[in-house]
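One structure is given here, and the rest of the page talks about it.
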Amino acid sequence: MNLYTALVAITAIVAITLISRYRFESKRPTGADTERLDRLETELRERIETLERIVTDQREKLKRQIDDL
């Protein structure tokens, strides 16, 4: 193995390491993403609770609530 072959091999190893590190770090959610996902989860849970209430409440009670709005 001559000097140039060793340099190419070392460069390839370093490049592969940097690329794999970048790919793994880019898949990790950032603080802003986590915040956005938490807000979305809260909003969706509220919507689900509303839908459950609509489905399970009595018809007359539901009509009164809609009229009150």
Side-chain angles (χ1 to χ4, degrees):
M1 182 185 288
N2 61 18
L3 178 63
Y4 295 112
T5 307
L7 288 175
V8 169
I10 290 171
T11 304
I13 291 171
V14 169
I16 291 171
T17 303
L18 291 175
I19 290 170
S20 63
R21 183 185 300 168
Y22 173 76
R23 289 190 69 190
F24 286 126
E25 288 177 358
S26 67
K27 290 182 181 179
R28 196 175 320 150
T30 61
D33 289 339
T34 304
E35 236 178 76
R36 185 178 57 83
L37 290 174
D38 288 341
R39 276 188 277 123
L40 181 62
E41 179 186 8
T42 303
E43 183 180 326
L44 291 174
R45 285 185 187 276
E46 290 172 357
R47 288 181 179 186
I48 289 171
E49 288 173 4
T50 303
L51 290 173
E52 287 175 345
R53 191 174 42 227
I54 289 172
V55 169
T56 58
D57 278 355
Q58 295 173 353
R59 179 171 239 155
E60 293 301 318
K61 185 178 179 184
L62 178 62
K63 282 183 183 180
R64 273 187 265 124
Q65 286 181 345
I66 291 174
D67 291 337
D68 291 341
L69 294 176

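Keep in mind that this is a model prediction, so the values were computed, not measured. Values below: all heavy atoms of this structure, side chains included; hydrogens, waters and symmetry mates excluded. Position 1 is the first residue of the sequence; numbering continues from there.
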Which residues end up grouped with L44 if you chain together Ile, Leu, Val, Met, Phe, Trp and Tyr wherever their side-chain heavy atoms are less than 4.5 Å apart?
L40
Residues passing the side-chain contact (heavy atoms from CB on, under 4.5 Å) test with E41, sequence neighbours excluded, are D38, R45
May I have the list of side-chain donor-acceptor pairs in residues 11-22 shorter than 3.5 Å, sequence neighbours left out?
unit_1	atom_1	unit_2	atom_2	d
T11	OG1	L7	O	2.7
T17	OG1	I13	O	2.8
S20	OG	I16	O	3.1
S20	OG	T17	O	2.9

Can you name the residues that form a side chain to side chain donor-acceptor pair (under 3.5 Å) with R47, not counting sequence neighbours?
E43
